[in-house]
Structures are given as C-alpha cells and as structure tokens.
Undergrad: 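Shown below is the structure under consideration.
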Amino acid sequence: MKNPVSSARIEGLDTLRALAVTLVVLHHYVLFVSRADTFGWIGEVGWIGVDLFFALSGYLIGNQIFAAMRSQGEFSLARFYGRRALRTLPVFYAMLALYWCWPWFRAGLELPPLWRFLTFTQNISLEPGTAFSHAWSLCIEEQFYLVLPALALALASLRRSLRWSWAAIALAIAAGMLVRAYTWQELVHANPRGSRNYYQYIYYSTWCRFDELVAGVALALLKNFHPRQWRVLTSRGDLALGAGLAVTGLAIWLFLDERQGFGVTVLGYPMLALGFSLLIVAALSDRSLLRTTRIPGAAGMALWSYSIYLTHKQVCILAARPLAVHGYGPGSPVAIVAMLSLSVLSGWVLYRCVERPFMRLRQRYLPTNFKPR
C-alpha cells in the first residue's frame, strides 16, 4: 500500500513510528484492559511511545517548515495550516463523532465537554479515566502545529535569526524543566492528591511535555541550516543508534524505578528527548542499521499509526467483555492476539475509509506549502 502523499518513505522512520504505536497499544492494554503485568516492563513503560511520536512530529514538521523557508518558493502559512488540517482533523473528528453520538461506545466513561476537543484544549487539567482521554497528546501536537510556523517566520525576520532560533530552543527546554520542577514541588510533593495532580498538571500538560517536540525541531534546524555538521552527525549512524539506545534505556530505567519522583520528572523527559533524537539521526543516516534494516509490517503499521492510535483503546475495551464471557480473559493469549489484531484492523479501516481519501484531496488541492506561482 502506497502513501498517497509521498512515494519516498524512509524505512528507519517507519520503524520508529511503528515502534511508537506498538508501545502505546501495549501500554493502554495493560492500563485499561488487563490491569495486570501482561507485557512486563515493556507494557509498563509503553507510554514513552507518545514521546517518540512527539520527537518524530517535531522533526518532520520542523523539516517541512525550514526546508520551505530555504527554498525559492514563498512559504504560505494558510496552505501549511490547510495541509495539516486535512492530515489530522478528519480522522480525529470521525472518532470524536463515535464518542459523542453513541454513548455505548464510551463503555460507561464520562466524555469531557465537546468544546474541549474542538479547541484542542482537552489536555489542560485533564481528569484521568475519562472517555477519549488519549486524545490529550493530539491536543499538544495541534497546539504545536499552530505555533511553530508562525514562531519560525517571526524569528526568521530578525537579524542573526539562527542564533535566536537556537536560543529559543535552549530556553524552551530549560523552561520545561523549571515548570516541571515548580509544579512538582507545589502540587505533587507531600500532596494527598499528588499522584493525580502529577497526571493532570505535569503528564498531560503542554508546558511540561514539549521537550521531545522541541528536540525534533532542533534536529530539523540542524539539518537545514548547518549542513556540514549534519553530514558529520549522520555519517556515524550506528554510533548514534547505540548512543540513542543507551540514553533511552537509562531514561526508561529511571522512570521504572520511580515514575513520579522529582529528579526523573525534571530530567527524565529531556533524557527521552535526547535518546529519541539520536534514534531519529540513526534512522536518517544512510548506512546505519536502523536505516537499512527492513522490519516486516513496519511500513504498514507506520502508515496506519495515526488511525491505530485513535481507535485501539476503545476497541480493546469493548472487545474485552464478550471475550471474557466466552472464557477468554484479558490475560489469555487468545484475548491478547484477538484484541491487538482488532486494534490494527480498526486502524486500517479508519485509514482506508477516512484518512486516505482526505490525504488524496490534500495532494490534489494543496500539494505543497508554497503559494502557487
């Protein structure tokens, strides 16, 4: 199956995207279906798949914007926003309609007010355990899509804009650490609602979770405006892969040891950002193992990953009940295979019925981010 947007896919990035959605699906299965140690530490730490998605989005969108700014054409904010809307909104609204119009689909969970989803502010002070709660990460990405191009154009208008751009990236990362430190001290430490506050005001918060997005933007900035340094970096793809795995592994170990501790809250997310950035470098390096190794099924999973992300959680929750009635509890191999397969199938259906048609419309009417000549 071909991507209607581009025929040139990078297998390393597909592998990372497939890994990201797999981690998220396994984590949500443990969290909302089996409520047990079904997949060991992988299921426990699978939430980092969202952070990997953030890093990939930061790089891919940043690369689009910076490459367009360097080209001869005239970058159009309106066309950029139009392309983003056709890429992300139709499938999101399709899923939102299911939650809103058919209460049975919510499986007894309360749905936050509709305006929170429509304005992409659902992640702000989000109550854990509500219907369609996993859309919080999409809200952060949409906020990012709205702000980044306008900010990039504003910085480009300044003298020594590259220095300002790198200063903005450094300031954003430092600000994220400071905000998490302050929030943890005020709302988590020695607070009877500390664990709940951690999720509401740190884990779901835009200000506390943009480290990976900013790291991805930094990679895109390096690639487009520092070509010599980028060539040196990508010439050592396997070294970047090894370093990325080591840094990511250390961050995972810290989060497994104490998920909501002060140190890991402040430093753990930047560590994930660094680790994932190095993995993206490896995926973009011509001769790295990650770039050249073809994982069977990864391209399809990558292509359908957005739709899988939207559908998998509720599909598993709804399928768990009839399977349990027939004697297949959520920890049984039959139930696990059935629900994970349904997750992929439902994502594929949503992709074929909604996402792909709108991507074709985008390719027809808004093929680039440039103003037509």
Undergrad: Quick check: does any side chain N or O of T292 sit under 3.5 Å from a backbone N or O of S288, one acting as donor and the other as acceptor?
TA: yes
Undergrad: Is atom CH2 of W230 surrounded by more than 12 heavy atoms (other residues, nucleotides or ligands) closer than 6.0 Å?
TA: yes
Undergrad: Check step by step if side-chain hydrogen bond (donor to acceptor under 3.5 Å, both in side chains) holds for Q200 and Y204.
TA: CA-CA 6 Å; Q200 274 193 288; Y204 298 133; over 6 Å; no
Undergrad: If you take all heavy atoms of S235 and V232, which pair is closest and at what distance?
TA: OG-O, 2.6 Å
Undergrad: Between the main-chain N or O of R87 and the side-chain N or O of Y306, is there a donor-acceptor pair closer than 3.5 Å?
TA: no
Undergrad: For residues L16 and A283, report the shortest heavy-atom separation together with the two atoms involved.
TA: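 Nearest heavy atoms, L16 then A283: CD1-CB, 4.0 Å.
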Undergrad: Quick one: does Y99's side chain have a donor or acceptor within less than 3.5 Å of a partner on A131's backbone?
TA: no
Undergrad: Indicate yes or no: does E142 engage R84 in a salt bridge with an N to O separation below 4.0 Å.
TA: no
Undergrad: Is the backbone of I202 close enough, under 3.5 Å, to the side chain of S205 for a donor and an acceptor to pair up by distance?
TA: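 No; judged by distance alone, with no hydrogens or angles, the pair does not exist.
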Undergrad: Check this for me: Y365, atom OH, are more than 12 non-hydrogen atoms of other residues, nucleotides or ligands nearer than 6.0 Å?
TA: no
Undergrad: Is the distance between the ring centroids of F117 and F132 under 6.0 Å?
TA: yes
Undergrad: Taking it one step at a time, do I295 and T293 satisfy side chain to side chain contact (heavy atoms under 4.5 Å, CB included)?
TA: CA-CA 6 Å; I295 308 296; T293 302; 3.9 Å; yes
Undergrad: Could you tell me if the side chain of E44 sits less than 4.5 Å from the side chain of L256, heavy atoms only?
TA: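 In contact.
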Undergrad: Counting heavy atoms not belonging to F358, are there more than 12 under 6.0 Å from its CZ?
TA: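 No, because the 6.0 Å sphere around CZ of F358 holds 12 heavy atoms or fewer from other groups.
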Undergrad: Spell out, as yes or no, whether a donor-acceptor pair under 3.5 Å connects the side chain of S71 to the backbone of A68.
TA: yes
Undergrad: My understanding is that only residues two or more places apart in sequence, or in another chain, count here; which of them pass side chain to side chain contact (heavy atoms under 4.5 Å, CB included) with L31?
TA: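 With neighbours one apart ignored, the set is H27.
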Undergrad: Evaluate side-chain hydrogen bond (donor to acceptor under 3.5 Å, both in side chains) for E110 paired with T130, printing each intermediate quantity in order.
TA: CA-CA 5 Å; E110 181 183 354; T130 51; over 6 Å; no
Undergrad: Quick one: pull up CD in Q64 and OH in Y145 and give me the separation to the nearest 0.5 Å.
TA: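 One finds 9.0 Å between CD of Q64 and OH of Y145.
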Undergrad: Starting from V337, can I reach I308 by hopping between I/L/V/M/F/W/Y residues whose side chains sit under 4.5 Å apart?
TA: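 No.
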Undergrad: Using side chain to side chain contact (heavy atoms under 4.5 Å, CB included) as the criterion, list what pairs up with Q143, not counting sequence neighbours.
TA: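 By the side chain to side chain contact (heavy atoms under 4.5 Å, CB included) rule, Q143 matches N123, C139, T206.
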Undergrad: What I want to check is whether the side chains of Q260 and S195 have a donor and an acceptor closer together than 3.5 Å.
TA: yes
Undergrad: When hydrophobic residues are tied together by side-chain contacts of less than 4.5 Å, even through go-betweens, does V247 share a cluster with V264?
TA: no
Undergrad: Would you confirm whether the ring centroid of Y309 sits within less than 6.0 angstrom of the ring centroid of H134?
TA: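 Yes.
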Undergrad: Looking at T311 and S307, would you say the former's side chain and the latter's main chain have a donor-acceptor pair under 3.5 Å?
TA: yes
Undergrad: Mind telling me whether W304 and Y351 have parallel, tilted or perpendicular rings, with 30° and 60° as the class edges?
TA: tilted
Undergrad: Taking L187's backbone N and O only, do any of them form a donor-acceptor pair with N197's side chain (distance below 3.5 Å, no angle check)?
TA: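 Yes, the answer is positive, given that a donor and an acceptor are paired below the 3.5 Å cut-off.
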Undergrad: Hydrophobic clustering (ILVMFWY, side-chain heavy atoms < 4.5 Å, transitive) - are W115 and L98 grouped together?
TA: no
Undergrad: Determine the minimum heavy-atom distance between A335 and G329, stating which atoms define it.
TA: CB-O, 3.1 Å
Undergrad: How about C316 and F32: do any of their side-chain heavy atoms sit closer than 4.5 Å?
TA: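 C316 does not reach F32 side chain to side chain.
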Undergrad: Look at the side chain of R362 and the backbone N and O of L86, then say whether any donor-acceptor pair between them is shorter than 3.5 Å.
TA: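 Pair absent, no side-chain N/O of R362 close to backbone of L86.
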Undergrad: Count the heavy atoms of every other residue, nucleotide or ligand shown that sit under 6.0 Å from OH of Y328, and state whether that count exceeds 12.
TA: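 Counting neighbours around OH of Y328, 12 or fewer heavy atoms of other residues, nucleotides or ligands fall under 6.0 Å, so no.
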Undergrad: Would you say L126 and Y199 make side-chain contact, with heavy atoms under 4.5 Å?
TA: no
Undergrad: What I want to find out is whether D238 reaches R287 closely enough, with some N-O distance under 4.0 Å, to be called a salt bridge.
TA: no
Undergrad: Run the side-chain hydrogen bond (donor to acceptor under 3.5 Å, both in side chains) test on S343 and K313 for me, step by step, so that the C-alpha distance in whole Å, both residues' side-chain angles and the decisive distance to 0.1 Å come before the verdict.
TA: CA-CA 8 Å; S343 297; K313 176 183 165 184; over 6 Å; no
Undergrad: Working to the nearest 0.5 angstrom, can you tell me the gap between Y182 OH and W207 CH2?
TA: 15.5 Å
Undergrad: Under a 4.5 Å cut-off applied to non-hydrogen side-chain atoms, are L272 and I48 in contact?
TA: yes
Undergrad: Would a hydrophobic clustering, with Ile, Leu, Val, Met, Phe, Trp and Tyr connected at side-chain separations under 4.5 Å, put L350 with V21?
TA: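 They do share one cluster, since a chain of ILVMFWY contacts under 4.5 Å joins L350 to V21.
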Undergrad: What pairs meet the side chain to side chain donor-acceptor pair (under 3.5 Å) rule with one or both residues in residues 210-229, with sequence neighbours excluded?
TA: Y59-K223, N63-N224, W166-H226, R180-D211
Undergrad: Is a donor from one side chain sitting under 3.5 angstrom from an acceptor on the other, for R106 and Q314?
TA: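 There is no such pair (donor and acceptor under 3.5 Å, judged by atom type) between the side chains of R106 and Q314.
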Undergrad: Flag the pair E127 and R196 as a salt bridge only when some basic side-chain nitrogen lies within less than 4.0 angstrom of an acidic carboxylate oxygen.
TA: yes
Undergrad: Quick check on the 6.0 Å ring-centre criterion: do W136 and Y203 meet it?
TA: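 Yes, close enough.
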Undergrad: Less than 4.5 Å apart, any side-chain heavy atom of L340 and any of L26?
TA: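 They are in contact (side-chain heavy atoms under 4.5 Å apart), so the answer is yes.
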Undergrad: Answer with yes or no after comparing the ring centroid distance for F120 and F92 against a 6.0 Å cut-off, counting only values under it.
TA: yes
Undergrad: List the residues meeting side chain to side chain donor-acceptor pair (under 3.5 Å) with E74, not counting sequence neighbours, and say none if there are none.
TA: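 Per chain and number, E74 pairs via side chain to side chain donor-acceptor pair (under 3.5 Å) with K371.
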Undergrad: Contact between R9 and L303 at the side-chain level, heavy atoms closer than 4.5 Å - yes or no?
TA: yes
Undergrad: Are the aromatic rings of F144 and F210 close, with centres under 6.0 Å apart?
TA: no
Undergrad: Minimum heavy-atom separation for I336 and G331, please, with both atom names.
TA: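 Looks like CD1-O, 3.7 Å.
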Undergrad: So I61 and F80, side chain to side chain contact (heavy atoms under 4.5 Å, CB included) or not? Walk me through it.
TA: CA-CA 10 Å; I61 299 304; F80 173 85; 3.7 Å; yes
Undergrad: Report whether I173 and L151 are members of the same hydrophobic cluster (ILVMFWY, side-chain heavy atoms less than 4.5 Å apart, transitive linking).
TA: no
Undergrad: Could you tell me which non-hydrogen atom of P367 sits nearest to which non-hydrogen atom of R83, and how far apart they are?
TA: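 Nearest pair, atom of P367 first, then R83: O-NH1, 3.0 Å.
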Undergrad: Any chance the rings of F255 and Y269 have centres within less than 6.0 Å?
TA: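 They qualify: ring centres under 6.0 Å apart.
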Undergrad: How close do S161 and L155 get, heavy atom to heavy atom, and via which atoms?
TA: CB-O, 2.9 Å
Undergrad: Would you mind reporting whether L178 and V266 have side-chain heavy atoms less than 4.5 Å apart?
TA: no
Undergrad: With sequence neighbours excluded, what pairs up with T22 under the side chain to side chain donor-acceptor pair (under 3.5 Å) test?
TA: none
Undergrad: Is there a side-chain contact between L52 and T248, using heavy atoms and a 4.5 Å cut-off?
TA: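 L52 vs T248: side chains apart.
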Undergrad: Please write out which residues are connected to L171 in a hydrophobic cluster, directly or through intermediates, given that two of Ile, Leu, Val, Met, Phe, Trp, Tyr count as joined at side-chain heavy-atom separations below 4.5 angstrom.
TA: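 Same cluster as L171: nobody, lone residue.
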Undergrad: Do S285 and T234 get their side chains close enough for a donor-acceptor pair, meaning under 3.5 Å?
TA: no
Undergrad: Before you tell me yes or no, could you show the steps for L118 and Y93 under side chain to side chain contact (heavy atoms under 4.5 Å, CB included), namely the whole-Å CA-CA distance, both residues' side-chain angles and the distance that decides it to 0.1 Å?
TA: CA-CA 9 Å; L118 296 178; Y93 288 150; 3.9 Å; yes
